Each structure stands twice: as C-alpha cells, then as structure tokens.
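Read through the structure below, which is laid out as structure tokens, and then see the notes.
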Amino acid sequence: MDNHSSSCSFNYRMISMIDEKFWQEQWDKESIFISRKSNKEKFLITVPWPYTSGPLHVGHGRTYTIADFIARYRRLKGYNVLFPMGFHESGTPIEAISDKIRKGDPKTLDLYRKYISEYESDEKIEEILESFKQPQNVADFFADKIVKDFKALGYSIDWTRTFRSVDERYKKMVEWQFRKLDTMGYLKKGSHAVLFSMEEKNAVGEDDIEDGDTNKVSIEEFTAVLFKGKDFYLAASSLRPETIYAITNIWINPDSKYSLIDMDGKRVVMSEDACERFLYQNESAQKIRDLDNAEILQGEYELPLFNRKVKVFPNNKIDPEHTTGIVYSVPGHSVKDYVYLKDAGINIENIRMIQIKDETTSVEKYLEKYADLDEANQTLYRDEYYSGIIDENIPLIGGKTVRESRDIIKQILIEQGRAFIFLETSRKARTRNGSRVIVSVLRDQWFIDYSNPEWKRETARHVNNMKFVPDFYRKNMLDIVDWIAERACARRRGLGTKLPMDREWVIESLSDSTIYPAFYTVSPFIPEDTELNDATFDYIFTENYDGKVMEKFQKAKEEFEYWYGVDQRITSSPHMSNHLIFYIMNHIALFNEKYWPEGITIAGTVISNGTKISKSKGNAVSLLDVVRKYGADMFRMYVAVNSDISSSLDWNERDISIIRGKYEEILNILETSLSQKEYGESVSQELFQARFMKHMVNFNEKMEKLSIRDAYVEIIYEVLNDLSELKNMGGSPEMAVRKIAGDWLKALSCVIPHTAEHFWKLYGFEGLVSNSKLGHYELNSEEKGLIEQWEYCKGIMADIRSIEKVTHIDGKEVEIVLADHIIREDTEKIIKNNFNVKRKEIIQAVKKMQNKITMGIDERKALERYAGVIEKLMNMQIDYREYREGDKKLPLPGRPVINLKGERNGNN
RNA sequence: GCGGAGGUUGCCGAGUCAGGUCAAAGGCGACAGACUCAAGAUCUGUUUCCGCAGGGGUUCGCCGGUUCGAAUCCGGCCCUCCGCACCA
C-alpha cells in the first residue's frame, strides 16, 4: 500500500517527528478537556454514541472528528466547551454475537478472533474470546478499545463523564423517562405487525433476512373477502377490493389442502398453510378441521354487497402459501384471470367497471402490448390505480377514483363482517438461518405514540427554530414529524433497561437512547452506588419537585442547568427518521424548552475507494489501522479537507497521498521557518501579511457557518499558495511564516492539534495551543488596498501574457498608460448615462467595456508599489505614465493601455 | 411507490437562495518550460474553440418559457444518489 516510502524518506522523518502520544498525555496531564460549570458561555457538543459490538471503522471516525474540530474551534473562541461520549450496549446484536460464540459458529469465531487480534497479543486471543460468551464482556471489551482509539485520534473528549447504556444509574434515568412518558399518555399498548419466523419464534429484522439489505421485505395489506356458501365462507384475498363488483368466479388450487377455521363464530375456509400463518395474525381464530376440496368446489358462493352468486374453479397457478390461498377472479380487469379462464376453456362474460380517460380499460390490449404476462398484469394494475375512474352506474363508488373506492369498499366490507385484513410479506423470504418469514401480529406490544397532534405541533415549531447543517434537512425533518406514528419501544430480548410498567419487556435500544446527553451533564456527580428514584430525576432535571434542596444532587442539578441543552449534535443521514426524531421529540416531551436541542449537523456517508463500506464486502477500514499507519493528524486533515460535511467522503489511497503531500508541506515550512530570527519588511511581505489577515477573517466566518472544508481550504491551500507566490515575488516564506506562526497554528490546531502543539512549543509560545484563544480579525483599509492593488497588477500581467501569446512577441519592455483624471471623470459620467463629457470619443469604448472597468483602484499607487515585483516575475522592464493627448489608444479606468516591445518569436 | 438531494468545463468539486462583474473558484490529472546526468520532488505557464494586441464564438442533463440579459428564475422530461418503522 505504501508506495511512497522510498521516495519520501525525508518527509517521513517530518511526520514521525510529531509525537502524537506525547501531546495526548500533556492534554491529559493538564486536564484541559475536563469541563465543569463556570461563568463562561457554555457549548455542549455530542455525537451519537457508538454501538460496542466491534471495532470502529473510518465511517464512525468522521462524525467524531468533525465534532472535535468544532469543539476545538469553540474553545479557541473562548467558550466553555463540553464534548462527552458514552457507549451504547443495549439491544440484541451483542447478545446474538455471544450466542453464536457460545454455539461455536465458525464465522463469528473467526471474525472476533480477527477483531481481538487487532488489539491484543496472540496468546490472549482465545481467553478473551472465551469471555465473549458473556454479552457484557463483548461490550466492555470494545468500549475499552474505542476509548483508546479515540484518545489516539486526539479527540478533546471529557472522559470523566463517560457511561454505558447498561449502567444501573443510567437505567434509573431511562425508567424515569418511561414513567414520565406513561403519565403523559404517550405510552401505549396494542397490536403490531412484524416480520416473524415461526421456527425461531422471533421477530426478524432486515439483518436477519437473506438478502434483506438488497431486496427489502415489507408488509402488504390484503383484503380477504368472505364469500358466503352453504356451510362456510370462502376467504378470497385481494389487493383490489374495489373490483368486487366485477367478480366472475373464485379460484382455488386443486393440488393443495384447505382447512376450515373458526373466526369469531364464523366458519371460514383458507388454505392449510394460510391457516397456520393466520393464527399468528389473529389469536382468537381456531382451526376446526381439514376439508376435502370437492366440498369447496361443488357449491355456489354469494358476493357481499351485490346479490349475485359465483362458482369456484380449480387453478393450479394459485399459490396456497400466499395469503389465504383463495383468489377471486376479475377477468375484466386482471390480465391473469382473463388468461386463466381462457386457458381453462371456461366461458364467462367479462364484467368491466373501470375507465381511464373516458375509455373502458381493455385487458385484451394490455395482453397484446406486453409479451410478459406479469408485466401486462402489473401495468394494468398501476394504470388503473393511478388514473382509473369507476363507471357511473356502479353502486356505492360510481364516478369515484379507483384509489378512493378501494378504501371505501374495504371499509364497508369490514364493517359488515364480510372481509378481514390478511397481512402478507411483499416477497417470499427466508431468514439467514433458512427459516420461512411470515407476518405476525404481536399482541400487547408497547408503543411510544408519536402521532399525538399536540406533541407533533410543538415539535414542528421547534424544528423550525433549530439550526440544521445543511439546511435542507430541516424540511426533511418536518416531513418526518408529519409521517411519524406509533413506534414499538420494547422487545422481548436484548440488553438494556426493563420496561418499568411491564418487566417482561426490554426497552428497545433506540428508545433508550434519546435523552441520554442529559446524563453526561450529571454523570460525574452521581456515584455508581447512589440510590436513585424518580424524585431524584425530577429534582435534577425539572422544576417539578417539592422545592426542598437535595444536598446530594445539588451539584448535579447545577451542572445540568448550566450545560443543557445540546448546542450541536453531529450525526449522519440514516439517523434522520429514527434516532434524531426520537431525540427531538423526547426532549420536547420531557424537558423545559430551554433544554431542547439547538443544532444538528448531518454528515454524508463515508465510502471506501468509491464504494459503500459494508462488512460483507470486507472493505471496512478500521480506525485503529488508519491511526497506526498515518497518524491522527493526517486522518483528521483528510476528513477536514477532502470533502464537505454534507457530501460523502471517499477514503482512498490516492487522495491520502495527495493530502499527505499538503500536510508535509505544512510541516516543512513550519520547520524551516523556525530558524528565522528577523523579519525583513518588503512589499511582498506586507502583501502576504494582509492576505493572511484576510484568510483569518474568512476562516472565522466559515467556521461559524460550520463550512469546515472551506475554512481549511482557506487556511491551508490559500496560505500555502500565497507563500509560494511570495517566494516568486522575491520574498521570504520563512520570514513570513515566522511572523504569522502564532495565528496560523491556532487556526490549524482544530484539525491538526498534535502538529500545532509541537510547533507552538518550538516557536516559544506560552502553554498549549489547545488552550489558547483566537482573537477578532478584521482587515484595515491599508491591507485591503494592498490586496486589491495586487489583484489589479495580476490582471495586467495576465493581459501582458495574453498579448505575448497572440503576437508571439517575447516582451522585453512594457509601457503601461493609465487613464488621466479627465478620462476618469468622463467614464464616471458615461456609466451614469450622462454623455456631457470632454472626450466624446471614449463614449463607445466605455459602453462596450463597461463591465471591465474598475473605478475604485488607485492604479498609479498600485504600480508604484508593485512595478518592481512585476518586473521580476515577468522578466521585463515596466514603465508607466498617464495618458497624453495624441496617444494612439485610449486607456480606461482599470483598463490601462499596454504597449509591448520586444522581438517577434521566430517559430510562428 | 412516497419523501429528500443532485446532474457544472478530462475527473473531483464551488457557483444556483439574492439573474448581469462567470469561460465559471479550488484540487487532481494532462501538456509545455525551468531545475537535473536522469527520474522524482519542486517551481512557472497552458489546459472549450478561434485570433500576429489584452478580443470574439460556443458551453453548465434535455426541451420549452420569463427577461434587454439565465449555470442561476418558471414549466415539462430524462438520469443518479439517500431515507422509508423495530436494524443499531
């Protein structure tokens, strides 16, 4: 991987001379990141805590690194900054890992051997692996390693406030949270549909399903319509209940078995397989017996709503494993039914009831148009759903759209007891263990009811006042507020806090992590063994207590009130519709408005060599590897400069070496400037300093807006460019750097803190740069003039080059003729459309060149100042004078006449 | 499908909210030159087309519209990426 090592040995020495560990120890020793209440303005910044099931990769590093830039910048600006972190250990995956290790699953064992080996010597691996049979050991092991990794990255985290989501005192707070939600009526119990495995007797998530990440499985709602026969009802399911009027017959599969079940006193028939699955959706249903298919086929069945009877035909295309295994046939509006009937030689007249653009849809046309039967069927379905209108003469729904009618008919059928909902997976799916995935409706599922309108209104109002970076996520968040409904908040297994009102349930791992940043503020003031109850938390977090001071928690209360709410939370877009919405809404429900979250910054995803990072691809680059190989500052600089917060960051070798080049440049110039003792005054040095001042102004502005990349392009690339320009102008970059080193190192310290500390000390500044303060920067008019005039001169140089190129003259001498005061006055008038001027001949020229004329620059002064520099850079003699009457060409303000003298270049 | 973001000159990526100063920042790559025995590194210049005087032509997904004037505003179309409920 390291193909530069041979050619850059000198620079390697440069990088390795920064002893990152040493500086981390200095920070520790001086406790500069431990933050306590003070009289300074506070700034609380957080990042969602990591889940401790394994080592972190570069993707995790990005958000924390960005947060650290901001934390360090705020400190420079004089804020009392708190940047805490903790560890998320609740949920099912860690338990599942232990489970697999206990069972000796070879894949898991290999993976965790590899993970452990990244941190521990070989002889210890098996022992640690053995300890992983206990879930808590897995979590603790990796939490411990993450601390080490993060320290190695130089994060300015206050480690005194760290806690884990499974700590007893934290659990007490979660209990407090849930009892509060309960008293507010936000906690509900109800039934809930989930994907489920009968064999594993468990709800299954995307990760549990084979190809679940690439080919999603969702739950679809079918309407099972009851057709009344002599002894029982047939349950025929459909996505299109509005077509019930056009039914001609019912299909069952002759090769499959059917069963009779009891549903609230009704005798209902569905396939044997459906029957087994349905019992997971409806607890009260009971199987009565199996049926002989002849029993079903012989009778006639009455449609609900319309007085009509239809027959049942066998059709082996009907899938008994899909919904009820009974389907009704609508040949007028289903290509498949039309074909089935035709193939079976059954002659039934089509009933048609839907029009698109005043024309009754024709199954035959779709059949002709699409070669594939499925495609024809689906297209017809879609066309009718989006643009279909029901015929005027149809009862109940005539003239209405298909979309409206579907809900109306479904509603009526269910009310009349002639239909029920049958839930089905959107595709056939199996778990990774190979068992079948079905839909189950869980009873007594606990929910947080985010649909409460009052709660939503408050949330929307607050979201409008929050700061989102980038701002478009605000709109996104408002949509989510609108969309969010009940969310299941408890599970049967996993680590975490037991639901206080029902100890059978464990609070789901996203729901237990919504207000935890509040706990950072109090964590050091609540010892592990303290007795905690709801009154304690009411006292610390709210105004809602009996007024008596609780001595023991007084300090915690003060710290909470000082620090809370979160000023800035850095996260990534997948968190929008789950963690972030919970985070915002739970704060709004539980805390006083002044403690609600303020700022949210959403970082783009991290990709590796142009492709998405995923464990299965094996392209996850571990954070530890990166630090070991490149050092913290290199990685941090990469994160800062390689792409903007909002766009994705691609971690790849090529860009790494490019960034490294820049980093080495910084090291080099800082190193070589060290020996400079004096500072020579010259135009170019002055210009450099003025420009540096401008960069500092821009840097501050951009950091305030959290445009981190732009800020560092300014303070790294622009400054380095200026230095090389300075060198060309004959100035000394070393002297210049010596002069600006203090300010530059402060600005750089947010991104490359170790490097900045190293040179801060060598340059003889007091204390630590991480502890220094950044002043206010502003350009004075002299500095502005220096910069503007130089830009003007650069324009002239570009013009000279352009002329040289076109004429093939190798310029030796240049005469620059400037506009005199008469021209300037005339031009000013003409721009204002006042044509009463002294030299009429310039009117046309001014009009034509209007957008290239600049009035504000003192051209004479610019040339006085920079003529020498231009002469050096262009290697030609520069003369300048004002316009004289009789000159062939007329200069305009900002557009002097350039007379180039030299030899014609022979080649062309 | 629903919701969100986006399509810019060889590539990455600013600019679009507040239309003109935008042939369009910055980085990378490429080319030429300087340095060197040579390569790398570094530095200088060029990098849409035309031009023997700093100028002109044609460009910002596609098609239309508004305007004296559009990369920027409006409408339609095509394409890409992200999120979509028990997964952390």
Side-chain angles (χ1 to χ4, degrees), chain A residues 4 6-8 10-11 48-53 88 90-94 192-195 203-209 212-213 216 218-219 382 385-386 442 445 447 450 470-473 475-480 482-491 494 508-511 513 572-579 581 602 604-605 612 641-644 646-648 650 654-655 658-659 661-662 664-665 668 707 709-710 713-714 717-718 721 724 727-728 795-796 798-809 848-854 873 889 895-900 904-905 908:
Chain A
H4 284 70
S6 55
S7 56
C8 312
F10 170 70
N11 291 319
W49 47 11
Y51 188 69
T52 53
S53 59
H88 196 202
S90 1
T92 49
I94 290 177
H192 179 57
V194 291
L195 296 173
V204 293
E206 188 183 297
D207 288 347
D208 305 319
I209 295 169
D213 46 347
K216 293 209 168 130
S218 55
I219 297 173
R382 202 167 291 171
Y385 181 67
Y386 290 108
L442 303 179
Q445 171 69 50
F447 295 94
Y450 290 105
D471 191 61
F472 61 75
Y473 281 112
K475 190 176 176 335
N476 213 173
M477 187 50 85
L478 287 170
D479 287 335
I480 291 167
D482 202 42
W483 156 89
I484 193 167
E486 297 168 333
R487 290 286 282 247
C489 64
R491 302 199 71 183
E508 179 269 329
S509 58
L510 281 168
S511 304
S513 302
S572 55
S573 63
H575 282 144
M576 287 291 292
S577 58
N578 43 64
H579 168 67
I581 184 69
I602 313 278
T605 46
K612 208 170 160 177
V641 170
N642 202 49
S643 78
D644 191 67
S646 61
S647 44
S648 57
D650 187 7
R654 210 189 71 156
D655 286 0
I658 290 162
I659 298 285
K662 285 291 163 195
E664 283 161 355
E665 239 180 276
N668 249 312
S707 302
R709 178 172 182 264
D710 289 354
V713 164
E714 187 93 29
Y717 288 93
E718 300 283 335
N721 284 350
S724 67
K727 195 174 171 189
N728 295 332
I796 289 178
D799 281 346
I800 294 172
R801 277 196 200 100
S802 170
I803 295 166
E804 276 188 313
K805 188 190 158 201
V806 177
T807 58
H808 302 282
I809 291 172
K848 196 176 163 201
M849 303 288 288
Q850 195 152 338
N851 56 16
K852 293 196 169 143
I853 290 170
T854 43
L873 288 173
K889 284 167 89 186
R895 297 287 299 169
V897 168
I898 296 168
N899 293 316
L900 185 66
R904 175 80 40 98
N905 206 320
N908 274 304

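Just so it is clear, the structure is predicted and the values come from calculations on it, not from any experiment. Reckoned from all heavy atoms, side chains included, excluding hydrogens, waters and symmetry mates.
- Counting distance only, with no hydrogens placed and no angle test, the side-chain atoms of A/Asp799 and the base atoms of B/rG54 include a donor-acceptor pair under 3.5 Å.
- Residue A/Pro48 is classed as having no contact, given no heavy-atom separation below 4.0 Å to the nucleic acid.
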With B for base contact, S for sugar-phosphate-only contact and - for none (protein heavy atoms under 4.0 Å), nucleotides 81-88 of chain B reads -SSSBBBB
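- Atoms CD1 (A/Ile659) and C1' (B/rG26) sit 12 Å apart, rounded to a whole Å.
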Audit row: A/Ile581, A/Met477, side chain to side chain contact (heavy atoms under 4.5 Å, CB included) steps and yes/no
CA-CA 8 Å; A/Ile581 184 69; A/Met477 187 50 85; 4.0 Å; yes
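- The residue A/Val897 sits close to a base: some heavy atom pair falls under 4.0 Å.
- Note that the CG atom of A/Asp710 and the CD atom of A/Glu718 stand 10.0 Å from one another [nearest 0.5 Å].
- A/Ile898 CD1 to A/Ile800 CD1: the interatomic distance, rounded to the nearest 0.5 Å, is 5.0 Å.
- Each of A/Ile803 and A/Asn721 lies near RNA chain B, and the nucleotide nearest A/Asn721 is the one positioned closer to the 5' end.
- No side-chain heavy atom of A/Tyr51 sits less than 4.5 Å from a side-chain heavy atom of A/Ser509.
- The partner of B/rA14 is absent, by the rule that a Watson-Crick or G-U pair needs both atom distances under 3.5 Å.
- The partner of B/rA32 is B/rU44, by the rule that a Watson-Crick or G-U pair needs both atom distances under 3.5 Å.
- Below 30°, between 30° and 60°, or above 60°: for A/His88 and A/Trp49 the angle between ring planes is below 30°, a parallel geometry.
- A distance of about 9 Å separates the P atoms of B/rC60 and B/rU72, rounded to the whole Å.
- Between B/rA25 and B/rA14, the distance separating the two P atoms is 14 Å to the nearest Å.
- A/Arg487 has its side chain out of reach of A/Ser511: every pair of non-hydrogen atoms, C-beta onward, lies at least 4.5 Å apart.
- Comparing B/rU58 with B/rA24, their P atoms sit 16 Å apart, to the nearest whole Å.
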5' to 3', nucleotides 7-15 of chain B under a 4.0 Å protein heavy-atom cut-off (B base, S sugar-phosphate only, - none) gives ---------
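- Remark: P of B/rG26 and NZ of A/Lys662 are 12 Å apart, rounded to the nearest angstrom.
- Atom OG1 of A/Thr605 and atom CG of A/Asp650 lie 10.0 Å apart (nearest 0.5 Å).
- Atom CZ of A/Arg491 and atom CD of A/Gln445 lie 9.0 Å apart (nearest 0.5 Å).
- Look at B/rC22: it lacks any Watson-Crick or wobble partner with both distances under 3.5 angstrom.
- Across all strands shown, B/rC37 forms no Watson-Crick or G-U wobble pair with both key distances under 3.5 Å.
- Going from atom CD of A/Glu665 over to atom OH of A/Tyr717 covers 9.0 Å, rounded to the nearest 0.5 Å.
- B/rU80 and B/rG61 have their C1' atoms separated by 11 Å, given to the nearest Å.
- Between B/rA70 and B/rG75, the distance separating the two C1' atoms is 15 Å to the nearest Å.
- Taken from OH in A/Tyr450 to CD1 in A/Ile480, the straight-line distance is 13.0 Å, to the nearest 0.5 Å.
- Nucleotide B/rC84 has B/rG1 as its partner under the Watson-Crick or G-U criteria, with both atom distances under 3.5 Å.
- Between the P atoms of B/rA30 and B/rC82, the separation comes to 31 Å (whole Å).
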Within the sub-3.5 Å range, which N or O atoms of nucleotides 43-45 of chain B have a protein N or O partner, and how far apart are they?
residue, atom, partner, partner atom, Å
B/rU44, OP1, A/Asn728, ND2, 2.4

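- Taking atom CG on A/Asn668 and atom C1' on B/rA41, their separation rounds to 11 Å, with Å as the unit.
- In A/Lys727, the NZ atom is not crowded: 12 or fewer heavy atoms of neighbouring residues, nucleotides or ligands sit closer than 6.0 Å.
- Comparing the P positions of B/rC28 and B/rG45 gives a spacing of 14 Å, expressed to the nearest Å.
- The pairing partner recorded for B/rU58 is none, the criterion being a Watson-Crick or G-U wobble arrangement whose two distances lie under 3.5 angstrom.
- B/rA23 and B/rU46 have their C1' atoms separated by 15 Å, with the value rounded to a whole Å.
- Nearer to the 5' terminus of RNA chain B, by closest-nucleotide assignment, is the contact made by A/Lys475 (compared with the other of A/Val713 and A/Lys475).
- At distances below 3.5 Å, not a single donor-acceptor pair connects side-chain atoms of A/Ser513 with backbone N or O atoms of A/Leu510.
- The backbone N or O of A/Pro574 sits less than 3.5 Å from a side-chain atom of A/Asn578, completing a donor-acceptor pair.
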